[in-house]
J.: 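Below you'll find the structure I mean.
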Amino acid sequence: MEQTPTAARARALTKVYGAGAAQVRALDAVDVDVERGRYTAVMGPSGSGKSTLMHCLAGLDSVTSGDVWLGEVELSRLADRELTRLRRDAVGFVFQSFNLLPTLTALENITLPIDIAGRRPDPAWLDVVIDTVGLRDRLRHRPSELSGGQQQRVACARALASRPQIVFADEPTGNLDSRSSAEVLGFLRRSVAEFGQTIVMVTHDPVAAAYADRVLFLADGQVVGELREPTPERVRERLAATDPASV
Amino acid sequence: MLRTSLRSLAQHRLRLALTVVAVVAGVGFVTGTYLFTDSLQRAFDRLFDLRQPDVTVSRQLPGQAATGGAAGGAERTLPAALVDRIAKVPGVAAAYGVVTDGSATVMTAGGEPLARLGQRTTGTSWVPNPRLRGYDLVSGRAPIGRGEVALLASTAARAGVTVGGTVRVDTPGGVIEPTVVGLVERPIAGTDGGTLVVFDLPTARRLLLEGRAQVTSVVVAAAPGIDQQRLADRITDVLPPDARAETGRSRSADLAARLQDAFTFLSTFLLAFAGIALLVAGFLIYNTFTMLVAARTRELALLRAVGASRGQVRRAVLVEAAAVGTVAAGLGLVAGIGVSGLLRRLFEAFGVDLPGGPLVVEPRTIAVALVVGVVTTVASAYLPARRAALVPPVAAMREELELPARSLRGRTLLALLLVVAAVVLARTGLQLVDDVERAAAYLGGSAVCALVALLAGAPLVGRGALRVLGAPLTRWPVGRLARENARRNPRRTAATAAALAIGLAVMSAVAVIAASTKSSVAEVVDDTVGADFIVASANLRPFTPRAYEALAGTPGTSVVTFSRAVALTLDGTQHPVIGVEPEQFAKVFKITMAQGSFADLAFGGAVVDETTAREAHLQLGQTAHVEFLNGPGRLRIDGIYQASGAAQGFVVTLPTLAAAGSLERDTAIYVRLAPGADAATVRTALEQRLAPVGAFQVLDRTELKEQIDAQFDRVFGFVYALLALAVIVAFLGIVNTLALSVHERRREIGLLRAVGTSRHQLRVMVVLESVLVAVLGGVVGILLGVLYGALLQRVLAAQGVSTLSVPVAQLGWFVAVSAAGGLLAALWPAMTAARMNLLRAIATE
Ligand SMILES: Nc1ncnc2c1ncn2[C@@H]1O[C@H](COP(=O)(O)OP(=O)(O)OP(=O)(O)O)[C@@H](O)[C@H]1O
Ligand SMILES: [Mg+2]
């Protein structure tokens, strides 16, 4: 596939929840470009629209107005069936919690999207992914037998196993202690560095954000700033500037 | 706390709806049964209560029970002169002789009997006094002379005639085609399903009594102010010893008592099915509550965390259950009305027309609805409530919640004990060769133990069974998910499948018995019937010798003979008596003698089957003192034959039967082909000769078997239809379980959607899980049913069910129906799962 500079793109993206007095403008004419092969973090106060932005970019949610492209594909034109296929083949997800099906083993969870697509996993790639997350000895375990950090690593492995164009992670370390967080974030960082994976990650943690190549700041449904080559200190400074309450 | 309970109810509409559905289904079936039988009984009561002559005189031997229903019949007659004698008794306002017999068959235009098998085909004579007849003239006039009849309005409607038209009626006195001059109706809506044709008295006598100067009963109206009993006593004084005068009151009371017996049986029978449905519904309710409590663990834990005591949590759940139970019981009562209508339809579909009447809601029915609804609900909620109270407060904070799992050890022990009990009971039952009823009771007890053992043990073996049964599913990517979903909560799956298993176990046992009965009958027919053709009247009622006379000597036949059947009473038990021409009969029917020789059968003697001989303590050469219909008589035991399904009771010669005062009515004619004769040609000849005599059927052995099979099929079909209701409740249970499971797993479903599972795949997943559970229930139930069907066959072997036959194809159908039912049950939950909003599913909690 021809390399395009952006893996995902939004123009004048607006998302409104509810109607009348209860109306919430979660995203207000947002323009975003997610660079291919880069690690992008999204930060902002609670309720600023981070999750909404991710869901819209990933085709999990419909937009009120504006356009979203995932690679070359314009999402608003797609029917549910095509969106499903797109999510299956081109997108990987890591949620804050409840990422794994309790009935499946770690390995089965990792290959779930591939199984559902009715394809066979690429064994070499699967090996690489499993070794990268470092869970080879835990593959036969069920999620209930894994720690929270291990579970999130399994979720990351699943997101990468089908070689998606882009991986979205919504506060993947939100429930983890700093050591487990470091494991997960390190793994995501490596997948960008070593395999050229594109990742978009929502986080509240400046340390987590510092793993990224670039940080987008959201407030009240709008992009209010951007930081390249972040360090925890610079992120903190920036947050303090946009929303003093959040630090 | 109460407020929390009620609010929690109001907030969870799905939960509420599913529980209510479960309770309503269970209560509806039980109350429907009560409503149905109560209303029917009331209708019958009124049917017979409405109008009775003040006194009815009929022939009755001193030792015999009261006749109850239609007085008399051609076999019990009184001299016509008695009517005048009774009319002269002081206090008698009017007395009329009546001729009534069940042998006037109204035919359709196509020449088929209008009444179905087992329905009454009554012919009666017109009684001028409206107080003395059990019907009212609603149009036209009374019949006069040979060419006129009145018909019951429903009979006329079914025959497609109106006043002025003609109708064909087959009677012992010949086939007639009179004009319908009037329509009558019984004074209550509905019919007893049979047909009624009214002649004038001379015509009735000519057609039904071969013209003899006799009546079958005398109906009497009392003069004003005369007490029924006083009048009956006076009339008794002028009666011969074998006639009896009954008051209208006592006839009503007799009838009521007999109906009571019949209805106790019917409602016990129906309640047994209701019990099965209730058991199934109990599972449904229990399951629903367990799931609800599981779904609410966090909420309950939160209550505990903010200071609610265990008792309070338990009470909260129980209060909720009681509230749901009460509301649902009320709805169930309403549903019961629907069920009772359904039962009526069912009876009608199987050819039983029932009298109509208002719906009778006894206080007892309401009480049962409430008790069943509230008690099952609260009892089903109790165990989950106890477990709910054990939820530690910290569970509220935890991410993944599981109720404290109970150990399966208690269950294992219980299951083992029950299996042992089941085996012991079954063995004891099988050794009781002589006492079928007790043997069957033991087997029933054993079956119940086995079922409960199954329920207790199901979670233990269910996972393994599901693994094997579900193996084919793993070919689909979502198939494995479906299988694991079914296996993840073995208790729940077991309880859901068990509900279906109970229904199918009973159905399969019935199927095995049905098949065994049919193949046993086939075997008996092949073994014993040597006739090439058997002739019987179209509605299997006895017929006059004119049929035999028409057939005797038909070219191409070597033997034409017939049998007649009456009944005798020996030590208070009724036995059939069959009159035959021994030499001829031996050529068309194989009777294997155990003692004596069939050829020795002579006037005044009888051969009797071994079972009857044993039960009545009869020995070869002994003389038995018996009661024939017309009085006491003696039979010398000339031989004892081996019991077989085809012949039973006393076999005598025709002169013996005639001497006992029996009417000349044949039950069947047996025809044997002459060597080299063409069967089809002979059949045509037989049919041509029978045509002028009446409606007959000529059956070869295969057709005979088919006809017997068809009769069994009707009986068993009825039982299946009743059981189907229980099975439907079980499928409702699957719907319930799935709907709740889908609700519980909405986050998983959201996740699956997020990683690219299509709506279609989700639907398939839910459907496969459902089909898997249904097939599990079906297969287990069928295996159990076949086992007990086979055991029951061994118990019934002495009763003529001598061969075991397992209807494999039919059982295959049961499995297919289970699978199809599972599929249907999954449609709605599957749709809910597929429609679920992805983001909301992920975001919840
Ligand atoms: N389904 C919904 N219906 C109505 N309003 C919603 C819905 N989802 C989100 N919102 C609103 O949209 C706004 C943005 O929500 P969003 O979940 O994107 O915030 P966020 O930045 O991810 O916050 P957090 O850091 O707390 O996760 C919020 O005001 C929220 O209340
Ligand atoms: Mg968010």
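All chains are named by letter (A, B, ...) in the order of the sequence lines, taking the proteins before the strands, and each is independently numbered beginning at 1.
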J.: Evaluate whether atom CZ of A:Arg136 has more than 12 neighbouring non-hydrogen atoms of other residues, nucleotides or ligands under 6.0 angstrom away.
T.: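 Counting other residues, nucleotides and ligands, CZ of A:Arg136 exceeds 12 neighbours.
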
J.: Which value, rounded to the nearest 0.5 Å, describes the distance between B:Asn485 atom CG and A:Leu101 atom CG?
T.: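 Answer rounded to 0.5 Å: 8.0 Å.
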
J.: Of the non-hydrogen atoms in B:Val755 and A:Pro113, which two are nearest, and what is the gap between them?
T.: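 The answer is O-CB, 3.8 Å.
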
J.: Is there a donor-acceptor pair closer than 3.5 Å between any side-chain N or O of A:Arg87 and the backbone N or O of B:Arg753?
T.: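 Such a contact is found between A:Arg87 side chain and B:Arg753 backbone.
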
J.: Which atom pair, heavy atoms only, marks the closest approach of A:Phe95 to B:Ala754?
T.: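 A:Phe95 and B:Ala754 have their closest heavy atoms at CZ-CB, 3.8 Å.
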
J.: Heavy-atom pairs under 4.5 Å with chain B are the metric here; pick the option from A:Asp61, A:Leu83, A:Thr103, A:Asp89 that has the most.
T.: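 Highest number of heavy-atom pairs under 4.5 Å: A:Thr103.
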
J.: So for atom CZ, which belongs to A:Arg81, do other residues, nucleotides or ligands contribute more than 12 heavy atoms lying within a distance under 6.0 Å?
T.: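 Incorrect, the count does not exceed 12.
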
J.: For chain B, which residues of residues 147-160 of chain A have at least one non-hydrogen atom nearer than 4.5 Å to it?
T.: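 When heavy atoms of chain B are the reference, residues 147-160 of chain A contributes A:Arg158 within the under-4.5 Å range.
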
J.: Does CG belonging to A:Asp28 count more than 12 external heavy atoms closer than 6.0 Å?
T.: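 Enclosed: over 12 neighbouring heavy atoms sit under 6.0 Å from CG of A:Asp28.
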
J.: With rounding to the nearest 0.5 Å, note down the distance linking OG1 in B:Thr757 to CG in A:Asp115.
T.: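 Reported value, rounded in 0.5 Å steps: 10.5 Å.
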
J.: Heavy-atom cut-off 4.5 Å, strictly under: side chain, backbone, both or neither for A:Arg142 against chain B?
T.: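 The side chain, not the backbone.
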
J.: Once you round to the nearest 0.5 Å, how far does CG of A:Leu104 lie from CZ of B:Arg480?
T.: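 A:Leu104 atom CG to B:Arg480 atom CZ measures 6.5 Å (nearest 0.5 Å).
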
J.: Give, for atom CG of A:Leu100 and atom CD of B:Glu748, the distance between the pair rounded to the nearest 0.5 Å.
T.: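 If we round to the nearest 0.5 Å, A:Leu100:CG and B:Glu748:CD are 10.5 Å apart.
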
J.: Roughly how far, to the nearest 0.5 Å, is CZ of B:Arg759 from CG of A:Asp80?
T.: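 A:Asp80 CG to B:Arg759 CZ: 4.0 Å, rounded to 0.5 Å.
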
